[in-house]
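Reviewing the structure listed below.
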Amino acid sequence: MKIATWNVNSIRARVPIVTAWLERVQPDVLLLQETKCLPEKFPTEPFEHLHYNIALIGEPSLNGVAILSKSPIEDVVDHLPGDPADQEARYIEATVDGVRVASVYVPNGTALDSPRFPFKLAFFDRLRAHAKTLLEEGQPLAIGGDYNVAPTPADVYDAKELEGTICYHPAEREKWRTLVNIGLYDAYRAVAPETIAFSWWHYQARSFQLGHGLRIDHFLLSPSALDRLETVEIDEQPRRQKTPSDHTPVLCSLAA
DNA sequence: ATGGTGGCTTAGCCA
């Protein structure tokens with residue numbers, strides 16, 4: 001079972017790049033973030049044509065997450081519990097082939113002095129509480145998405161320069177660790193403990209060409225999913241295309 | 001150095 005996650009920064013702007021990638025890589029499941037459109041504006045046909053079922057939520061111009069799957073999508077949950085005031089389209093989960101998969105778009109945080117920053121930290125707390133429940137339910141679990149945090153110095157292009165900035169602030173890294181430490185595994189680090197690789201590069205200042213990236217897109221796996229983990233790949237090819245997303249997909253393969 | 005890029009939606013926000 002090949003599962004991928006990709007922040008596409010508008011699905012309507014990215015249809016040719018995403019469909020070409022699906023045809024080449026043939027994942028069983030693709031988790032999308034930042035689709036940036038209402039459900040009725042999501043271009044479903046090109047993906048249904050490639051034999052994907054789709055579960056999605058969205059809002060105008062912001063956020064939006066989806067699950068594309070060749071197998072049937074069952075028991076969809078489309079909101080992260082814990083904050084009745086939060087109506088943002090940032091979380092969807094479902095069961096596919098016996099695996100509980102989730103697509104999460106953690107708030108960016110905007111700036112350290114913005115109210116969005118404590119909202120981001122609280123979102124991590126809610127995700128931890130919910131993931132704990134999912135672990136207790138016992139199904140193999142894979143939570144993929146844009147976590148908007150680079151966990152360690154090996155996940156940023158310049159740890160000294162970036163220390164304390166958004167997506168690499170100690171408070172965010174601590175939230176990441178307390179999430180992982182409930183008993184989850186960073187799939188990429190499980191197969192590549194030392195490798196420096198990134199999943200996001202700013203559009204500005206030739207960041208991709210200069211290698212100025214961050215690893216902020218992750219898969220967190222339950223022990224039973226980790227037992228089945230064969231490979232994890234960050235595929236930079238889509239980031240090299242014309243009119244790319246600023247993120248590139250992460251792909252992991254679980255034994256059947 | 002307070003810019004730089006991109007995708008919304010339409011000049012301002014968010015990333």
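What you are looking at is a predicted structure, and each value in this text was computed from that prediction instead of being measured. Keep in mind that the numbers below use all heavy atoms, side chains included, and drop hydrogens, waters and symmetry copies. Each chain gets a letter, A, B and so on, in the order its sequence line appears, and its residues count up from 1.
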How close or far is atom [atom2] of [N] from atom [atom1] of [X], stated in whole angstroms?
X: A/Asp246; N: B/dA15; atom1: CG; atom2: P; result: 12 Å
X: A/Glu59; N: B/dC14; atom1: CD; atom2: C1'; result: 12 Å
X: A/Trp200; N: B/dC14; atom1: CH2; atom2: P; result: 17 Å
X: A/His247; N: B/dC14; atom1: NE2; atom2: P; result: 17 Å
X: A/Asn63; N: B/dT9; atom1: CG; atom2: C1'; result: 16 Å
X: A/Phe117; N: B/dC14; atom1: CZ; atom2: P; result: 17 Å
X: A/Phe119; N: B/dC14; atom1: CZ; atom2: C1'; result: 14 Å

Between [N] and [M], how many Å separate the two [atom1] atoms, rounded to a whole number?
N: B/dA15; M: B/dT9; atom1: C1'; answer: 15 Å
N: B/dT10; M: B/dC14; atom1: C1'; answer: 15 Å
N: B/dT2; M: B/dA11; atom1: P; answer: 26 Å
N: B/dG12; M: B/dA1; atom1: C1'; answer: 23 Å

*With clusters built from Ile, Leu, Val, Met, Phe, Trp and Tyr whose side-chain heavy atoms come within less than 4.5 Å, directly or transitively, what are the remaining members of the cluster of A/Leu220, listed by chain and number?*
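Noted: A/Leu220 shares its cluster with A/Leu80, A/Tyr91, A/Val104, A/Val106, A/Phe123, A/Phe124, A/Leu127, A/Leu134, A/Leu135, A/Leu141, A/Ile143, A/Tyr147, A/Val149, A/Trp176, A/Leu179, A/Val180, A/Ile182, A/Leu184.
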_Here's a test of your reading of the structure: between A/Asn7 and A/Lys41, which maps to the more 5' nucleotide of DNA chain B?_
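Of the two residues, A/Lys41 wins.
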Any side-chain heavy-atom pair of [X] and [Y] under 4.5 Å:
X: A/Trp21; Y: A/Leu30; value: yes
X: A/Glu137; Y: A/Arg100; value: no
X: A/Tyr105; Y: A/Glu88; value: no
X: A/Tyr188; Y: A/Val250; value: no

*Would you jot down, in residue-number order, the residues of residues 102-115 of chain A having a non-hydrogen atom under 4.0 Å from DNA chain B?*
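Close to the strand are A/Tyr105, A/Asn108, A/Thr110.
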*Could you pull out the closest heavy-atom pair between A/Lys175 and A/Asp125, with the gap in Å?*
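Heavy atoms only, the tightest pair is NZ-OD1, 2.9 Å.
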*Donor-acceptor contact below 3.5 Å, side chain A/Thr165 vs main chain A/Tyr168*: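 Side chain of A/Thr165 to backbone of A/Tyr168: no pair is present.
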Within the sub-3.5 Å range, which N or O atoms of nucleotides 4-8 of chain B have a protein N or O partner, and how far apart are they?
{"residue": "B/dG4", "atom": "N3", "partner": "A/Gln204", "partner atom": "NE2", "Å": "3.2"}
{"residue": "B/dT5", "atom": "N3", "partner": "A/Gln204", "partner atom": "OE1", "Å": "3.2"}
{"residue": "B/dG7", "atom": "OP1", "partner": "A/Arg14", "partner atom": "NH1", "Å": "3.2"}
{"residue": "B/dG7", "atom": "O3'", "partner": "A/Ser10", "partner atom": "OG", "Å": "3.4"}
{"residue": "B/dC8", "atom": "OP1", "partner": "A/Ser10", "partner atom": "OG", "Å": "2.6"}

*Does A/Glu163 come within less than 4.0 Å of A/Arg173, counting only side-chain N to carboxylate O?*
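Judged by the 4.0 Å cut-off on N to carboxylate O distance, A/Glu163 and A/Arg173 do form a salt bridge.
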*From A/Leu22 CG over to A/Arg24 CZ, what is the distance, rounded to the nearest 0.5 angstrom?*
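Answer for the CG-CZ pair, A/Leu22 versus A/Arg24, is 10.5 Å.
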